[in-house]
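Okay, so here's the structure we're looking at.
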Amino acid sequence: MIAIPFDFVERVIAKFDKDVKSQIENGKSKLEALKKTQIQKSTLNKDEVIYIDNLIKKLAKIVIAKPSELKGYEAEFPLPNQTNEDRKIIFKDKILGAMGYTGLRSSFYPKYFQKIGIKACVYCNSQLTIVAEKEPTLKKIAKFQVDHFIPEAEYPCFSISLFNLYPVCASCNNIKRDNKIDFKLYLELKDISASPFLFQLDDNSISEYYLSRNPEDLVINFSYPGPETGYEDFEETFAIKGIYNTLKDLAEEMILKAEIYNPSYKQILIDSFPDIFNNINLSNRLFIGNYVDKDDIHKRPLAKFTQDIAKQLKLIK
Ligand SMILES: [Zn+2]
């Protein structure tokens, strides 16, 4: 629900230089092996061989390509066999297997995205991006859930491209599929201003709540930018309003906190626990029960909602 400056991500990638280089080398050698065995079995056509050769040649650049550069590579890597859907899918799966994306979900992505500061779904911000999955050995393992901004069904060559990876919850991943959403996680800007998404409690519903003290009277609104041509509508895709209108109890708690933490009570807390409550960031975090900076929205589910409502209620500035 908020973008990350691209140069910050580049600095994190530099810290994982060894891992990234080994992903590239693994990918190249698996693609070479794929080409060799499939040529021996005469199962590759000419276009497929050209595709693999070109991918081996460009893989080092494609893995760390900026979003704008990836866009440029799209024209170079249309999947072969566009008129033969079955063959196209078989070839796509072979490329995906060679790129090693599945293994990285448990070995690399958790530590990489931890450093970037993402643990909550970048689309809905309501759930974690870790899911428990059953391995072929039947062992359960916690894996990072990742959506590909440029869909892997058409571009398996970008399946391990770091700027094509969007950490998501299982629900958003399942519902989005290969649709294109008008939200860019990585922006080629130095600084990100505010998130273009906003949660607000309907003012009339707050007045009604004060009279009834019934959280069901609260109405949660969600505003978001309309989609550019060619992209799906954000709200229609993820049903954000529906998800967040199940959180009226949380909204009620925020209203009560805004009443409780008045200036005189805040002063009592500062006097009693100066080390904690003289630290504005930490004390605000305790007041709202979540992170308070816009840059920390991805660190915990519901941070965006909590920040927006807390600001509306003047619980924090
Ligand atoms: Zn989600």
Side-chain angles (χ1 to χ4, degrees), residues 1-4 9 67 101-102 104-106 108-133 140-153 158-159 161-187 192 194-200 220-228 231-251 288-291 293-310:
M1 284 204 172
I2 190 165
I4 310 170
V9 181
Y101 160 70
T102 306
L104 296 174
R105 287 183 54 207
S106 51
F108 177 67
Y109 298 148
K111 61 179 179 181
Y112 169 68
F113 283 112
Q114 172 90 15
K115 265 272 185 281
I116 293 184
I118 302 184
K119 275 192 280 186
C121 175
V122 300
Y123 293 133
C124 73
N125 193 239
S126 73
Q127 296 186 65
L128 288 173
T129 53
I130 300 283
V131 288
E133 281 185 16
K140 317 281 189 310
I141 186 162
K143 284 193 174 181
F144 216 78
Q145 189 96 11
V146 176
D147 175 51
H148 293 98
F149 184 71
I150 303 174
E152 62 170 18
F158 304 150
S159 60
S161 296
L162 292 161
F163 286 104
N164 198 36
L165 304 176
Y166 283 41
V168 288
C169 70
S171 157
C172 287
N173 204 27
N174 188 37
I175 218 160
K176 179 183 168 283
R177 305 233 164 230
D178 295 328
N179 291 328
K180 280 193 163 185
I181 299 300
D182 193 12
F183 166 70
K184 293 183 183 70
L185 179 60
Y186 309 105
L187 284 189
I192 303 299
S195 160
F197 301 91
L198 185 68
F199 292 102
Q200 290 285 271
I220 295 161
N221 291 324
F222 173 64
S223 58
Y224 59 102
E228 277 179 37
Y231 290 90
E232 301 291 324
D233 184 275
F234 196 88
E235 161 63 19
E236 275 175 27
T237 304
F238 297 117
I240 301 289
K241 258 184 100 168
I243 293 172
Y244 280 85
N245 268 284
T246 64
L247 295 171
K248 294 179 181 189
D249 52 346
L250 180 55
I288 76 170
N290 212 318
Y291 287 96
D293 280 350
K294 69 173 171 49
D295 296 339
D296 293 334
I297 284 172
H298 297 302
K299 278 191 183 167
R300 192 181 290 171
L302 306 180
K304 176 75 176 114
F305 174 80
T306 317
Q307 287 178 19
D308 287 351
I309 304 299

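Atoms within a ligand are numbered from 1 in the order they appear, just like the ligands themselves.
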Restricting to salt bridge (Lys or Arg N to Asp or Glu O under 4.0 Å), what partner residues turn up for K119, sequence neighbours left out? none

Please find out if less than 6.0 Å separates the ring center of F234 from that of F197. yes

Excluding sequence neighbours, so at least two apart, what forms salt bridge (Lys or Arg N to Asp or Glu O under 4.0 Å) with K248? none

Side chains of Y224 and D233 only: does a donor on one sit below 3.5 Å from an acceptor on the other? yes

Set of side-chain contact (heavy atoms from CB on, under 4.5 Å) partners for P110, sequence neighbours left out: F144

Using a cut-off of 2.8 Å, find all protein N, O or S atoms closer to the Zn ion (ligand 1) than that distance. C121 SG, C124 SG, C169 SG, C172 SG

For the rings on F199 and Y244, is their centre-to-centre separation under 6.0 Å? yes

